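From a predicted model like this one, the values you see are computed outputs, not experimental measurements.
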Amino acid sequence: MDQQKGILLESGTNELEIVEFGVGNNKFGINVIKVKEIIQPVKVTKIPHSHPNVEGIVDIRDEILPVVNIAKVLGFEPSEDLKSEKFIITEFNKTKVVFHVHSVTQIHRISWEDIEKPSGMYQGLESQITGVVKINEEMVLLLDFEKIVVDINPESGINRNQLKKLGTRERSMKKLVVAEDSPLLRKLLQETLNEAGFQQIEFFENGKDALAFLHSIVEAKKAIEDEVQLVITDVEMPQMDGHHLTKRIKEDQALSILPVVIFSSLITADLQHKGQMVEASAQISKPEISELVQKIDELIL
């Protein structure tokens, strides 16, 4: 799998590679960046009273990791073909988790522009899906793995109690732009940043909309530094990802003065270089919200 990452495009190209896997008759995808390796299932030790979506734990090279059954998460029946089942070992949010799927088929290279945001009209799965992409005439659904993990272990999500350590804070007049595709995280970030004293925040669902907003300020002949003081961006977003957004801001003479903080579940030692290549001002791993607030203070207060 690490070899696969070797061919992963330079940073900021607005492309990604996804591992396509099957559960039931549906095809799903996960960003290659999150995948450490894919193995045949191994013996799982059940844990009494664990969350219903957690099958148990496994020992992978002396690391004890939880196994999450994706069919259970999605309300699908167990696989009828046990031979093709796979364990996808992942790492994000500074955590390793094994996802049990029915099959793994192939890797596709696609553009974020090809990924459609799921419509609120879809029933049932909508809260678990971050995007839909058509590949070879079939729909591949991109699952929200962060949400799957937070639903099982809420402690792994953004912890607002961390902010209390920063003490009471003055209300700030600084204006922030946030690009984040998850409605849940947008809500949490709004509450948390408001609590931290930042009241003037513009939220966007993807990098494309955030960039269009910044361009509209420049086109209106306003000085960008008067209208926006800092940009916070996720990495994985339909239409335009955070690395590409950062690159576009830093390459644009009118916008390059803006500090850009990448706030993503994909900030690992292996992936720090991708943010550095596009000249991000800082990179902070979700869910370290107090670290994010301290970094904003450092950059603009």
Side-chain angles (χ1 to χ4, degrees), residues 9-14 16 33 92-94 112 158 162-163 166 169-170 172-182 185-186 188-190 192-218 222-237 239-301:
L9 12 142
E10 59 177 295
S11 194
T13 61
N14 210 35
L16 76 156
I33 282 179
F92 54 90
N93 278 356
K94 297 185 174 174
W112 283 104
I158 285 180
Q162 292 178 347
L163 280 183
L166 300 178
R169 298 164 56 82
E170 302 267 322
S172 170
M173 300 317 287
K174 301 289 184 183
K175 298 168 192 161
L176 312 179
V177 163
V178 179
E180 167 61 67
D181 67 321
S182 159
L185 267 166
R186 280 200 302 275
L188 274 172
L189 276 170
Q190 175 141 30
T192 314
L193 291 170
N194 286 168
E195 207 172 304
F198 297 102
Q199 305 296 324
Q200 301 194 49
I201 312 167
E202 288 278 356
F203 281 91
F204 298 93
E205 293 184 355
N206 59 59
K208 192 176 180 181
D209 293 348
L211 188 63
F213 173 74
L214 297 175
H215 281 156
S216 72
I217 293 170
V218 175
K222 294 177 184 170
I224 192 75
E225 60 271 31
D226 294 341
E227 301 300 316
V228 177
Q229 278 75 56
L230 179 127
V231 176
I232 299 165
T233 180
D234 188 14
V235 170
E236 296 184 288
M237 295 179 289
Q239 300 301 309
M240 185 186 289
D241 76 345
H243 287 135
H244 190 65
L245 171 63
T246 307
K247 185 172 186 237
R248 293 283 293 272
I249 290 171
K250 291 301 177 183
E251 286 176 350
D252 187 320
Q253 213 172 346
L255 301 177
S256 59
I257 191 170
L258 286 174
V260 181
V261 178
I262 296 177
F263 184 56
S264 163
S265 62
L266 299 177
I267 307 300
T268 62
D270 291 350
L271 295 168
Q272 282 278 359
H273 72 280
K274 294 182 85 63
Q276 288 160 2
M277 281 163 73
V278 293
E279 298 180 37
S281 312
Q283 300 180 76
I284 294 164
S285 173
K286 290 176 183 171
E288 306 297 337
I289 195 75
S290 63
E291 206 181 309
L292 174 66
V293 170
Q294 284 169 311
K295 185 53 73 176
I296 297 170
D297 290 356
E298 199 180 298
L299 289 166
I300 62 172
L301 290 190

Exam field: side chain [X] to backbone [Y], donor-acceptor pair closer than 3.5 Å:
{"X": "Glu205", "Y": "Asp181", "answer": "no"}
{"X": "Ser285", "Y": "Asn93", "answer": "no"}
{"X": "Gln283", "Y": "Gln272", "answer": "yes"}
{"X": "Asn194", "Y": "Phe198", "answer": "yes"}
{"X": "Glu227", "Y": "Ala223", "answer": "no"}

What are the two closest heavy atoms between [X] and [Y], and how far apart are they?
{"X": "Ala210", "Y": "Ala179", "result": "CB-CB, 4.1 Å"}
{"X": "His215", "Y": "Arg248", "result": "CE1-NH2, 4.4 Å"}
{"X": "Ile262", "Y": "Ala280", "result": "CD1-CB, 3.7 Å"}
{"X": "Lys175", "Y": "Asp226", "result": "NZ-O, 3.4 Å"}
{"X": "Ile300", "Y": "Pro259", "result": "CG2-CG, 4.1 Å"}
{"X": "Ile217", "Y": "Val228", "result": "CD1-CG2, 3.7 Å"}

Side-chain touch [X]/[Y], heavy atoms, less than 4.5 angstrom:
{"X": "Lys286", "Y": "Asp234", "value": "yes"}
{"X": "Lys250", "Y": "Val278", "value": "no"}
{"X": "Leu258", "Y": "Leu214", "value": "yes"}
{"X": "Asp241", "Y": "Leu16", "value": "no"}
{"X": "Ile33", "Y": "Lys274", "value": "yes"}
{"X": "Trp112", "Y": "His244", "value": "no"}
{"X": "Val231", "Y": "Leu255", "value": "no"}

As an exercise, state the distance from [atom1] of [X] to [atom2] of [Y], rounded to the nearest 0.5 Å.
{"X": "Phe263", "Y": "Ile284", "atom1": "CZ", "atom2": "CD1", "value": "7.5 Å"}
{"X": "Leu189", "Y": "Leu292", "atom1": "CG", "atom2": "CG", "value": "7.0 Å"}
{"X": "Leu299", "Y": "Lys174", "atom1": "CG", "atom2": "NZ", "value": "11.5 Å"}
{"X": "Ile257", "Y": "Ile249", "atom1": "CD1", "atom2": "CD1", "value": "13.0 Å"}
{"X": "Leu176", "Y": "Gln200", "atom1": "CG", "atom2": "CD", "value": "9.0 Å"}
{"X": "His243", "Y": "Glu236", "atom1": "NE2", "atom2": "CD", "value": "10.0 Å"}

Apply side-chain contact (heavy atoms from CB on, under 4.5 Å) to residues Ile289 and Leu188 and explain how you reach the verdict. CA-CA 10 Å; Ile289 195 75; Leu188 274 172; over 6 Å; no
Partner residues of Asp252 under the salt bridge (charged side-chain N to carboxylate O under 4.0 Å, His left out) criterion, sequence neighbours left out: none
Leu245, Val178, Val177 screened by side chain to side chain contact (heavy atoms under 4.5 Å, CB included) with Phe204, the one that passes: Val177
